[in-house]
Engineer: 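Handing you this structure, nothing more for now.
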Amino acid sequence: MRFPVILHEHLFSNPWLMQLSAHDLTCQRGDRLLFSGLQMDLQAGQLLLVQGGNGRGKTSFLRLLSGLSQPEAGEVRWNGESIDRVRETYQQSMVYLAHANGVKDDLTPVENVQIYAGLRGQKRVPAEIEPVLVRMGLAACLDLPARVLSFGQRRRVALAGLLVSGALLWILDEPLTGLDVRGVAEVETLLREHVQAGGMVVMTTHQPLRLQGVDTVMLQIGPVMQVDGSVSAPANEAA
Amino acid sequence: MNLYHYAAPATFYRLAGRWTPWFAWGAGLLTGIGLYISFFVAPTDFQQGEAYRIIFIHVPAAWMSMFIYLVMAFWCAIGLAFNTRLSFLMARALAPTGALFCFLALWTGALWGKPMWGAWWVWDARLTSQLILLFLYVGIMALWAAIDDPKRGDRAGALLILVGAVNVPIIYFSVKWWNTLHQGSSINLTKAPSMATIMLVGMLVMAIAAWLYTIAVALVRVRGLILERERHTDWAQEAMKALKEA
Amino acid sequence: MWRFLLTVIRRDLLLAARRKGDWLTSQFFFVMVVSMFPLGIGADPEQLRRVAGGVLWVAALLASLLSLQRLYADDHRDGSLEQMLLSPQPALILALGKAIAHWLIFGLPLLVIAPLLGLQFALPPDAIGTLVIALAIGTPVLSLLGGVGAALTLGLRGGGTLLTLLILPLYVPALIFGAGAVDGVLAGLGAEAQLSLLGAFMGLCLLLAPWVTGAALRVSVD
């Protein structure tokens, strides 16, 4: 089943003009300098794959992009303006999937997604949410509290939240963790549809991804690992 | 004058090192003079006898404990507004001294209270607000101690200090009000007998000595904090080598 | 903005409804602490009446600290706090919503329980009425100021104890005015002055606390 990617029409008169860039980003965690002088530029219709070994600062980089953390130096810009200055517009256009899913154990998947949308100022009725959850393979557990779901299923609930939000920019930290083969294939399809419709994705993964036909940009953080040229990250690096 | 130049850690470290002895010697000298005035020059109070002499320590300590809190709040506001890391370090360096003076004020207050009121502790408005101020100092230092990440610690502590700074006058007012309701006018500190000029001079000299002491100690502490934060830079490692050799 | 605020409040109420045990704990704590006092200081009605206002208020402060530990901690642990901070609305609205929800879950039931405990402490009806009004004005202060502490101590070792150290001194004005209102009625002086001061303090907290809490959340999540 195909489900159209909804983009926020009133916000993006032309999604193809959107741009996310990082300028001279420096990130320090405690005593460790993770990276400095990092440059990045991402246009609409592109996917940025962030690569680097464990503890090199991939997650820190994504948190800087999301605006949750402040960089030691440098800045992140959305359409040429610092995200601190256009925070509201930026956060309207952006969703961030972290390691933790942000799924409440005591609520059902439908309630979780509904609240997620509500926090973004969107009203969504269950009839709008259920098809997305069904697409994410959660048809059997729409009314169960998330407590009884497996880790991978909770990940799917969080991904359904992204879809329902209709945001332009997806920042995904290891979206494939805990997903089974079919789940991975589903996410690949989602990514392809989203990027081809003019969306933007920034993501990290340690799993191989098939992204034929997707305009993919690579960003290396830390020293280059032994990569054989394909998009896949080395298997021994899997967290 | 370029303030940012002086706010650079390496520059400030050197400047602080040069200033510290002056403040330290000044503090020592004035403490000597102040104590001489308080014990030998100031006359015996005809109401309170010799015990009153403790106010030469008590009053400056109480002043300092409040001033230091305000100065910390000032540095925290600067730090949050302009993102200057040195300001947070100043606040951190001042807090222990503020708590020390606060404790000193409470202790000397108790020592004074025994002969004056016949009790070590009286729930007087000033003593009570002093006690709550000590709690605030303890809370701030506990928060700093609990946060490992220096950046988060700086900012969290600064927010707490600012909330406290807004709250301190309200606390003082409420405690004073509570005090008048519950104690009536049995104890009245504000109606102190008019003070001889020489007593006032002694108290002022002691207060200035306390200021200089605070500055000297804060500079020493800020130097330590700067070295700790900058320990990965070349200049800090050279400075530490120099310290070890000395 | 309203939808965001309402979603935050509704979300916390929904979560509280699913986990009744969590918030009932702090209500029972309140009842138990208050009930310990007659056992400790004796059951003389005259004496109980004199200390009732103070005892109930101190117990309310302690009970609020107990429930505040979890105000942001659970959301922090499962990642939903980050999601809420990433919503397009400023963090101060989030803090305000959380404080309102906390008051509805913690403060409102307290208003219902307090009169019963007031009866146990031999309070006359007019003093009980004042107690309830004082709690109604004063408990929002506990939720608002406590939110600052909860945000500052997010995810720290011994966060609960630390929260107590940070926040109890800041509660002092609420305690003095709140308990003072009850004493004022008992002394026949009326409680208007205390209640107005308590209201002013609550207004100040309402203006400043959400803002500080929002900033503290950003600092703690960074």
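Here is the naming used below: chain letters follow the sequence lines, and residue numbers restart at 1 for every chain. Atom set for the values below is all heavy atoms of this structure, side chains included, hydrogens, waters and symmetry mates excluded.
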Engineer: Going by atom type alone, with no hydrogens or angles, which donor-acceptor pairs under 3.5 Å involve a side-chain atom of residues 140-153 of chain C and a protein atom two or more places apart or on another chain?
Structural biologist:
| unit_1 | atom_1 | unit_2 | atom_2 | d |
| --- | --- | --- | --- | --- |
| C:Ser143 | OG | C:His102 | ND1 | 2.8 |
| C:Thr153 | OG1 | C:Gly149 | O | 2.9 |

Engineer: Does A:Gly52 offer a backbone N or O that forms a donor-acceptor pair with the side chain of A:Lys58 under 3.5 Å?
Structural biologist: yes
Engineer: Can you say whether C:Glu82 sits under 4.5 Å from chain A via the side chain, the backbone, both, or neither, judging by heavy atoms?
Structural biologist: both
Engineer: Can you say whether A:Tyr90 sits under 4.5 Å from chain C via the side chain, the backbone, both, or neither, judging by heavy atoms?
Structural biologist: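 Looking at A:Tyr90, nothing touches chain C.
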Engineer: Sort out for me which residue in C:Arg18, C:Arg10, C:Arg11 forms a salt bridge (charged side-chain N to carboxylate O under 4.0 Å, His left out) with A:Glu111.
Structural biologist: C:Arg18
Engineer: Report, by ascending residue number, the residues of residues 201-222 of chain C in heavy-atom contact with chain A at a distance under 4.5 Å; give 'none' if the set is empty.
Structural biologist: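 Answer by number: C:Arg218, C:Val221, C:Asp222.
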Engineer: Apply side-chain contact (heavy atoms from CB on, under 4.5 Å) to A:Leu169 and A:Met18, showing your working.
Structural biologist: CA-CA 9 Å; A:Leu169 168 63; A:Met18 299 290 143; over 6 Å; no
Engineer: Applying side chain to side chain contact (heavy atoms under 4.5 Å, CB included), name anything that partners C:Ser35, two or more places apart in sequence or on another chain.
Structural biologist: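 C:Val31, C:Gln120.
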Engineer: Between atom CG of A:Leu209 and atom CG of A:Leu176, what is the distance when rounded to the nearest 0.5 Å?
Structural biologist: 5.0 Å
Engineer: Is A:Lys123 paired with A:Glu128 through a side-chain N to carboxylate O contact shorter than 4.0 Å?
Structural biologist: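 Salt bridge absent between A:Glu128 and A:Lys123.
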Engineer: Which one wins on heavy-atom pair count under 4.5 Å against chain A: C:Leu5, C:Asp75, C:Leu6?
Structural biologist: C:Asp75
Engineer: Under 4.5 Å heavy-atom distance to chain C, tell me which part of A:Val95 shows up: side chain, backbone, both or neither.
Structural biologist: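 Neither the backbone nor the side chain of A:Val95 comes within 4.5 Å of chain C.
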Engineer: Most heavy-atom pairs under 4.5 angstrom with chain C, which of A:Ala117, A:Ser60, A:Gly67, A:Gly121?
Structural biologist: A:Gly121
Engineer: Can you list, pair by pair, the side-chain donor-acceptor contacts under 3.5 Å of residues 152-162 of chain A, counting residues two or more places apart and other chains?
Structural biologist:
| unit_1 | atom_1 | unit_2 | atom_2 | d |
| --- | --- | --- | --- | --- |
| A:Gln153 | OE1 | A:Ser150 | N | 2.9 |
| A:Gln153 | OE1 | A:Ser150 | OG | 3.4 |
| A:Arg154 | NH1 | A:Asp105 | OD1 | 3.2 |
| A:Arg154 | NH2 | A:Leu149 | O | 3.3 |
| A:Arg155 | NH1 | A:Ala98 | O | 2.8 |
| A:Arg155 | NH1 | A:His99 | O | 3.2 |
| A:Arg155 | NH1 | A:Asn101 | OD1 | 2.6 |
| A:Arg155 | NH2 | A:Ala98 | O | 3.3 |
| A:Arg155 | NH2 | A:Asp173 | O | 2.8 |
| A:Arg155 | NH2 | A:Glu174 | O | 2.9 |
| A:Arg156 | NH1 | A:Met136 | O | 2.8 |
| A:Arg156 | NH2 | A:Asp180 | OD1 | 2.7 |
| A:Arg156 | NH2 | A:Asp180 | OD2 | 3.4 |

